[in-house]
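Throughout, protein chains are lettered first and strands after them, A, B, ... in sequence-line order, and every chain is numbered starting at 1.
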2 protein chains.
Amino acid sequence: MDKIDSDILRFLQQDNRITAAELGAAVGLSTSAANDRLRRLNASGAVLANRAIVAPAALGRTLLAFLFVDLEPRSDEAGFAAAMAAAPDVLEAHHITGPHNWLVKLRVADTAALQRFLASTLKPLAGVIRTETLIVLDTAKETSVLPTD
Amino acid sequence: MDKIDSDILRFLQQDNRITAAELGAAVGLSTSAANDRLRRLNASGAVLANRAIVAPAALGRTLLAFLFVDLEPRSDEAGFAAAMAAAPDVLEAHHITGPHNWLVKLRVADTAALQRFLASTLKPLAGVIRTETLIVLDTAKETSVLPTD
DNA sequence: ACTGAAACTCAGGGTAG
DNA sequence: CTACCCTGAGTTTCAGT
């Protein structure tokens with residue numbers, strides 16, 4: 001992970017369909033050297049995945065919400081984590097410090113779908129004491145791009 | 001946006017470096033027809049971006065935190081939104097319902113960097129009354145992949 | 001949907017520090 | 001020995017039909 005690698009990661013985070021030739025020109029490497037770096041970064045695990053970022057509206061997921069979830073003491077945290085990972089509506093689930101146990105980010109179609117998630121997916125889980133729902137009114141920024149410094 | 005398009009979006013969200021030939025075989029289209037769909041989805045805005053997802057650890061960003069931010073009534077919300085959008089440490093900033101005004105997601109190197117963000121970036125902003133920091137202890141799921149139903 | 005031209009990828013092998 | 005570069009064969013893309 002030298003400076004050239006982090007330069008490459010910066011470009012790939014903006015657009016991973018850049019060609020090895022363009023990338024090489026941008027960071028001062030030959031096409032094949034850039035290609036070597038590309039493969040190494042993908043193989044080493046520094047690049048976790050290559051994804052298209054889809055507009056939520058294009059798939060009808062216009063409602064963004066965060067949930068706080070409180071679990072009973074000594075309840076099955078791993079089971080809860082697995083249930084969140086398996087739920088398609090759930091984009092993120094984090095175990096957090098503070099008054100609540102989990103913070104869950106989800107994208108659904110509308111409030112009816114949110115209600116359905118709470119009633120059908122969350123409420124049946126063992127250990128769930130209570131939840132608190134925060135609705136997102138407006139998003140100023142939402143990205144997966146990490147600074148490369 | 002017919003069924004084939006949403007099938008294509010499902011594959012592209014998993015791996016956008018799939019070739020038009022493979023994609024066509026997967027969804028029952030010729031290579032060139034798949035290619036046409038690919039270009040249309042990118043041009044129409046259904047695909048917002050094509051990004052490499054980088055491991056936070058590879059860039060030394062091992063601390064994930066959420067902040068609640070409270071602003072004074074009638075303060076400059078747009079200015080705050082712009083400041084968050086411009087801050088590299090900030091991955092997300094959402095205007096939310098509930099007792100707080102904003103929910104901010106950030107990834108930094110360590111608690112010292114978090115402190116620096118609070119003191120140097122957040123505190124100087126006009127209208128910020130108080131903040132509450134939630135540290136992420138463990139992440140069960142974190143993805144940008146939307147379900148295609 | 002097909003086709004052909006241009007562009008791109010990706011090993012293999014060579015070279016310099 | 002590692003990182004980089006060159007080259008050529010095989011794919012892939014992308015217009016035009």
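Spacing between atom CG of A/L38 and atom P of D/dA3 amounts to 15 Å, rounded to whole angstrom units. Atom CD of A/E22 and atom C1' of D/dT13 are 14 Å apart (whole Å). Straight-line distance from the CG atom of B/L23 to the C1' atom of D/dT12: 13 Å, rounded to whole Å. Separating the CZ atom of A/R40 from the P atom of D/dT2 is a distance of 11 Å, rounded to the nearest angstrom. For the pair B/R17 CZ and D/dT11 C1', the computed distance is 15 Å after rounding to whole Å. Taking atom CG of residue B/D36 and atom C1' of nucleotide D/dC14, one finds them 9 Å apart after rounding to whole Å.
B/D7 has a carboxylate O that lies under 4.0 Å from a charged side-chain N of B/K3, or vice versa, which qualifies the two as a salt bridge.
Counting only heavy atoms from C-beta on, B/N35 has its side chain closest to D/dC14 among D/dC14, D/dC4, C/dC10. When the nucleotides C/dC8, C/dC2, D/dC4 are ranked by their closest atom to the side chain of B/S30, C/dC2 comes out on top. The nucleotide whose nearest atom lies closest to any side-chain atom of A/A33 is, among D/dC14, D/dC5, C/dC8, D/dC5. Residue A/S32 places its side chain closer to D/dC6 than to any other of D/dC4, C/dT9, D/dC6.
For B/R39, no side-chain nitrogen or oxygen approaches OP1 or OP2 of D/dT13 to under 4.0 Å. Under 4.0 angstrom from either OP1 or OP2 of D/dC4 there lies at least one side-chain N or O belonging to A/R37.
Under the 30°/60° scheme for interplanar angles, the aromatic rings of B/F80 and B/W102 are found to be tilted. Taking the six-membered ring where the residue is Trp, B/H94 and A/F66 present tilted rings, their angle falling between 30° and 60°.
With DNA chain C read from its 5' end, the first of the two nearest nucleotides for A/A20 and B/L29 is the one closest to B/L29.
Applying side-chain hydrogen bond (donor to acceptor under 3.5 Å, both in side chains) to A/D89 and the options A/K105, A/R61, A/R107 leaves one that passes, A/R61.
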